[in-house]
Engineer: 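Take this structure first; my questions come after.
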Amino acid sequence: MASELKKKAFWRAVIAEFLAMILFVFISIGAALGVQYPIPADAANATNTDTRQQDIVKVSLAFGLAIATLAQSVGHISGAHLNPAVTLGCLLSCQISILKALMYIIAQCLGAVVGTAILSGITTQISNNSLGLNGLSNGVSQGQGLGVEIMVTFQLVLCVVAITDRRRNDVSGSAPLAIGLSVALGHLIAIDYTGCGMNPARSFGSAVVAKQFANHWIFWVGPMIGGAAAAIIYDFILSPRTSDLTDRMKVWTNGQVEEYELDDDHARVEMKPK
């Protein structure tokens with residue numbers, strides 16, 4: 001496990017997750033916060049403004065397209081997880097080591113905090129700025145909110161582990177776009193119920209900067225359960241792997257050999273089926 005720390009490709013991947021998470025949070029939450037800035041109803045009179053209603057489709061597309069774009073940009077470096085639930089799913093499906101999963105989650109959380117802090121500085125004129133904080137809608141209980149988070153994250157991680165399955169040769173089209181659409185789909189479903197966490201790091205960034213942690217556990221427990229369930233069901237029921245526990249332990253402790261088989265200056269982690 002310690003040998004991974006000596007690889008330049010390992011640290012490039014961690015840095016890629018950190019930087020991509022900053023951009024993801026800035027783009028996606030920024031799209032949601034923008035509606036709180038009233039637009040002039042009369043171009044000649046900037047003080048006469050119209051308020052706008054939140055456009056769920058716009059926000060959902062912002063989240064999905066941001067993931068698709070960043071996956072295309074850094075997928076070959078880190079796999080572009082950008083979500084602790086996705087990282088957990090990839091760990092359980094033996095795509096990464098335990099050490100890399102831990103470092104990814106730390107980088108994702110730090111990136112989310114930095115991205116949210118940048119947005120906080122840009123949106124200072126918004127009163128009672130929630131900074132994209134997730135919360136339960138009126139009438140939605142904690143159990144119901146947890147269930148929503150489990151289901152939307154389940155479909156996301158199922159999409160990720162299926163489309164990046166190295167055994168498949170039938171995948172056509174763009175893997176990043178498919179994953180981005182899965183993210184958008186989850187937001188279309190869950191925004192009205194929980195604000196759609198589906199990403200513990202993203203929720204963590206908003207909670208830390210806004211200093212509000214009410215029901216925050218839901219946005220960690222739900223996505224992690226959904227992500228783990230998707231990976232386990234895919235690996236052991238839908239498309240069982242032939243690898244035994246010994247093979248899995250080798251990946252969990254040392255990572256996949258092909259990740260680091262090239263010279264450090266040229267190593268890449270491919271985000272495509274092999």
Side-chain angles (χ1 to χ4, degrees), residues 1-22 24-25 67 70-71 74-113 149-150 153-154 156-166 175 179 182-183 197-205 217 219-236 241 243 245-261 267-272 274:
M1 185 178 291
S3 63
E4 282 193 292
L5 296 174
K6 301 177 182 179
K7 302 292 184 178
K8 292 180 182 178
F10 176 88
W11 292 107
R12 289 192 189 110
V14 173
I15 293 171
E17 287 290 306
F18 172 73
L19 294 176
M21 195 67 190
I22 293 175
F24 169 63
V25 168
I67 285 292
L70 293 168
V74 303
H76 63 294
I77 301 171
S78 69
H81 294 184
L82 306 182
N83 186 334
V86 171
T87 297
L88 178 61
C90 290
L91 174 66
L92 294 177
S93 61
C94 291
Q95 296 187 33
I96 58 173
S97 68
I98 295 174
L99 177 61
K100 176 177 275 193
L102 178 61
M103 293 301 296
Y104 272 21
I105 291 174
I106 293 173
Q108 291 158 3
C109 290
L110 291 176
V113 171
E149 290 296 315
I150 290 173
T153 311
F154 181 93
L156 168 62
V157 177
L158 183 63
C159 175
V160 171
V161 296
I163 207 164
T164 59
D165 188 342
R166 297 166 184 251
I179 294 170
S182 180
V183 170
M198 199 163 67
N199 186 329
R202 200 285 284 177
S203 300
F204 178 75
W217 66 271
F219 303 103
W220 275 93
V221 175
M224 288 307 209
I225 291 176
I232 291 171
I233 290 174
Y234 183 83
D235 256 15
F236 291 96
R241 297 178 185 269
S243 56
L245 181 60
T246 302
D247 294 329
R248 289 177 176 269
M249 288 301 297
K250 288 180 180 178
V251 175
W252 287 336
T253 56
N254 300 314
Q256 292 183 333
V257 175
E258 54 267 31
E259 287 182 352
Y260 306 114
E261 64 184 0
R268 290 290 185 271
V269 180
E270 299 292 340
M271 186 181 175
K272 62 182 182 181
K274 295 184 178 179

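By convention here, the first residue in the shown sequence is residue 1.
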Engineer: Under the side-chain contact (heavy atoms from CB on, under 4.5 Å) test against His81, which residue among Leu91, Ile96, Asn199, Ile105 passes?
Structural biologist: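 Among the candidates, only Ile96 passes.
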Engineer: Given side chains that start at C-beta, do those of Leu156 and Asn83 come closer than 4.5 Å, heavy atoms only?
Structural biologist: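 Touching, per the 4.5 Å side-chain cut-off.
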Engineer: Can you tell if the side chain of Glu149 reaches within under 4.5 Å of the side chain of Pro223, non-hydrogen atoms only?
Structural biologist: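 In short, these two side chains touch, coming nearer than 4.5 Å.
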Engineer: Phe24: which residues meet the ring pair (Phe, Tyr, Trp, His ring centres under 6.0 Å) condition with it, sequence neighbours left out?
Structural biologist: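 Residues passing ring pair (Phe, Tyr, Trp, His ring centres under 6.0 Å) with Phe24: Phe63.
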Engineer: Mind checking whether Leu92 and Ile232 have side chains closer than 4.5 Å, heavy atoms only?
Structural biologist: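 Contact flag for Leu92/Ile232 side chains = yes.
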Engineer: Indicate yes or no: at least one non-hydrogen side-chain atom of Leu99 is less than 4.5 angstrom from one of Leu5.
Structural biologist: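 In short, these two side chains touch, coming nearer than 4.5 Å.
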Engineer: Identify the heavy atoms of Ser78 and Glu17 that sit nearest to each other, and give their distance.
Structural biologist: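 Answer, listing the atom of Ser78 first, then Glu17: OG-OE2, 2.7 Å.
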Engineer: Could you state the interatomic distance from CD1 (Ile225) to CH2 (Trp220), rounded to the nearest 0.5 Å?
Structural biologist: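 Those atoms lie 13.5 Å apart.
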Engineer: I need the minimum non-hydrogen distance between Ala230 and Leu158, along with the two atoms involved.
Structural biologist: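 Taking every non-hydrogen atom into account, CB-N, 3.6 Å.
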Engineer: Please round to the nearest 0.5 Å and tell me the distance separating atom CG of Leu88 and atom OH of Tyr104.
Structural biologist: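 Interatomic distance, Leu88 CG to Tyr104 OH, rounded to 0.5 Å: 14.5 Å.
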Engineer: Nearest 0.5 angstrom please: Glu4 CD to Trp11 CH2, how far?
Structural biologist: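 Rounded to the nearest 0.5 Å, the CD-CH2 separation comes out at 10.0 Å.
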Engineer: Write down the atom of Ala16, the atom of Val74, and the distance for their closest heavy-atom approach.
Structural biologist: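 Heavy atoms of Ala16 and Val74 come nearest at CB-CB, 4.2 Å.
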Engineer: Work out which heavy atom in Asp165 is nearest to a heavy atom in Tyr234; give both atom names and the distance.
Structural biologist: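 In this case the closest contact between Asp165 and Tyr234 is OD2-OH, 2.7 Å.
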Engineer: Give, for atom OG of Ser203 and atom CH2 of Trp217, the distance between the pair rounded to the nearest 0.5 Å.
Structural biologist: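 These two atoms lie 13.5 Å from each other.
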Engineer: Spell out, as yes or no, whether a donor-acceptor pair under 3.5 Å connects the side chain of Ser93 to the backbone of Cys90.
Structural biologist: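 Here the side-chain-to-backbone pair exists.
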Engineer: Considering non-hydrogen atoms only, spot the tightest contact between Arg202 and Gly197 and give its length.
Structural biologist: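 Nearest pair, atom of Arg202 first, then Gly197: NH2-CA, 4.4 Å.
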Engineer: Which atoms form the tightest heavy-atom contact between Met103 and Phe10, and what is the distance?
Structural biologist: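 Closest pair (atom of Met103, atom of Phe10, distance): CG-CZ, 3.7 Å.
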Engineer: Ile179 versus Ile163: any side-chain heavy-atom pair under 4.5 Å?
Structural biologist: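 The answer is yes; the side chains approach within 4.5 Å.
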